[in-house]
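One structure is given here, and the rest of the page talks about it.
Computed from a predicted model, the values in this text were never measured in an experiment.
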Amino acid sequence: MKNEASSLRYTERDGIRFPNLQISNDPLADQPLGRYGRMALEYLRDHHFDRYTTLKMEGSLMEVMHRVQEQAATKIEFLIQQMLVSAPLPHTEDTLERTRHLNSLKLTAEEIVIREIVLESR
C-alpha cells in the first residue's frame with residue numbers, strides 16, 4: 001500500500017525497505033562540534049536529559065549546540081580583548097612571560113563563558 005501524500009523515500013536492502021530518515025535539515029548538523037559545544041551537549045545530556053531528548057526529537061539539538069559553540073567562542077574573544085585593555089601584555093622581550101599572561105587571560109575568560117553560556121540549561 002503506497003501513500004501518495006507521503007514524501008518519504010526508501011532504500012531497499014536485502015528485500016527490506018528502510019525509510020531514509022534525516023535527523024535535522026540543518027546543514028550544520030553534520031559538522032563536528034567544537035570544545036564548548038561538546039561540553040554543552042554533555043552537560044545537557046547528563047543534567048537535563050528531558051530537554052536533551054526533546055531537542056533531539058525535534059531535530060534541533062545540533063543546531064542549538066553549534067549556536068552555543070559560536071556564542072562561547074565569540075564571548076571568549078570579546079572578554080580577552082576587554083581584559084587586555086585593563087591588563088595589557090607586559091612590555092618585555094620574554095616570549096614565555098607574554099604567553100603566560102595571555103594564557104591566564106584566556107583561562108579566566110573560559111571560566112566565565114563555561115559558567116554563563118556552556119552550563120546553561122536550554
Side-chain angles (χ1 to χ4, degrees):
M1 176 181 233
K2 191 173 185 180
N3 184 355
E4 298 298 328
S6 175
S7 63
L8 281 178
R9 299 192 187 281
Y10 295 87
T11 302
E12 187 172 331
R13 281 186 238 142
D14 299 327
I16 300 172
R17 291 179 51 179
F18 295 96
N20 295 337
L21 298 176
Q22 187 172 333
I23 299 292
S24 173
N25 292 328
D26 184 19
L28 287 176
D30 292 336
Q31 292 182 358
L33 282 174
R35 175 181 179 206
Y36 308 110
R38 289 190 312 268
M39 288 171 69
L41 182 66
E42 271 184 45
Y43 177 76
L44 193 62
R45 185 184 59 229
D46 294 345
H47 298 284
H48 301 282
F49 191 73
D50 292 343
R51 184 65 181 144
Y52 169 82
T53 304
T54 302
L55 288 172
K56 192 171 182 180
M57 288 174 37
E58 291 174 352
S60 60
L61 177 64
M62 294 309 285
E63 178 185 339
V64 170
M65 293 303 112
H66 280 287
R67 202 170 337 137
V68 169
Q69 172 65 36
E70 184 179 320
Q71 287 174 350
T74 303
K75 180 83 175 203
I76 285 174
E77 289 301 317
F78 174 75
L79 288 172
I80 290 173
Q81 293 306 315
Q82 270 190 329
M83 286 187 252
L84 279 171
V85 170
S86 61
L89 284 174
H91 297 292
T92 179
E93 295 297 319
D94 186 4
T95 306
L96 288 177
E97 186 176 340
R98 294 169 63 91
T99 303
R100 275 192 297 272
H101 183 73
L102 281 174
N103 284 342
S104 173
L105 295 179
K106 184 177 180 188
L107 284 174
T108 303
E110 282 183 338
E111 287 176 9
I112 293 168
V113 165
I114 288 170
R115 190 172 357 105
E116 292 180 0
I117 295 176
V118 174
L119 300 182
E120 176 185 310
S121 63
R122 316 225 169 273

Check your understanding: Rounded to the nearest 0.5 Å, what separation is found between the NE2 atom of H48 and the CG atom of L55?
Key -> 11.5 Å
Review point. Residues in salt bridge (Lys or Arg N to Asp or Glu O under 4.0 Å) with R67, at least two apart?
Key: E63
Review point. Partners of Y52 by side-chain hydrogen bond (donor to acceptor under 3.5 Å, both in side chains), sequence neighbours excluded?
Key: none
**Study point:** Between CG on residue L105 and CG on residue L89, distance to nearest 0.5 Å
**Key:** 7.5 Å
Review point. Among R38, E42, M39, which residue meets the side-chain contact (heavy atoms from CB on, under 4.5 Å) test with V118?
Key: M39
Could you tabulate the donor-acceptor pairs under 3.5 Å formed by side-chain atoms of residues 71-83, not counting sequence neighbours?
residue : atom : partner : partner atom : Å
T74     : OG1  : E70     : O            : 2.8

**Study point:** Counterpart residues, side-chain hydrogen bond (donor to acceptor under 3.5 Å, both in side chains), relative to S86 (two or more places apart)
**Key:** none
Check your understanding: Is there a side-chain contact (heavy atoms from CB on, under 4.5 Å) between L44 and V64 once you walk through the steps?
Key -> CA-CA 11 Å; L44 193 62; V64 170; 5.9 Å; no
Exercise for review: Identify whether M62 and F49 are in the same connected component of the hydrophobic contact network (ILVMFWY, side-chain heavy atoms under 4.5 Å).
Suggested key: yes
Revision key, fill the gap. Contacts of E120 meeting salt bridge (Lys or Arg N to Asp or Glu O under 4.0 Å) (sequence neighbours excluded), chain-then-number -> R122
Point to revise | Heavy-atom donor-acceptor pair, R98 side chain to E93 backbone, under 3.5 Å | key: no
Practice item. Name all pairs fulfilling the side-chain hydrogen bond (donor to acceptor under 3.5 Å, both in side chains) condition that reach into residues 100-112, sequence neighbours left out, sorted by first residue then second. Key: R35-E110, Y36-E110
Check your understanding: Looking at CG of D46 and CG of L41, how far apart are the two atoms once the value is rounded to the nearest 0.5 Å?
Key -> 9.0 Å
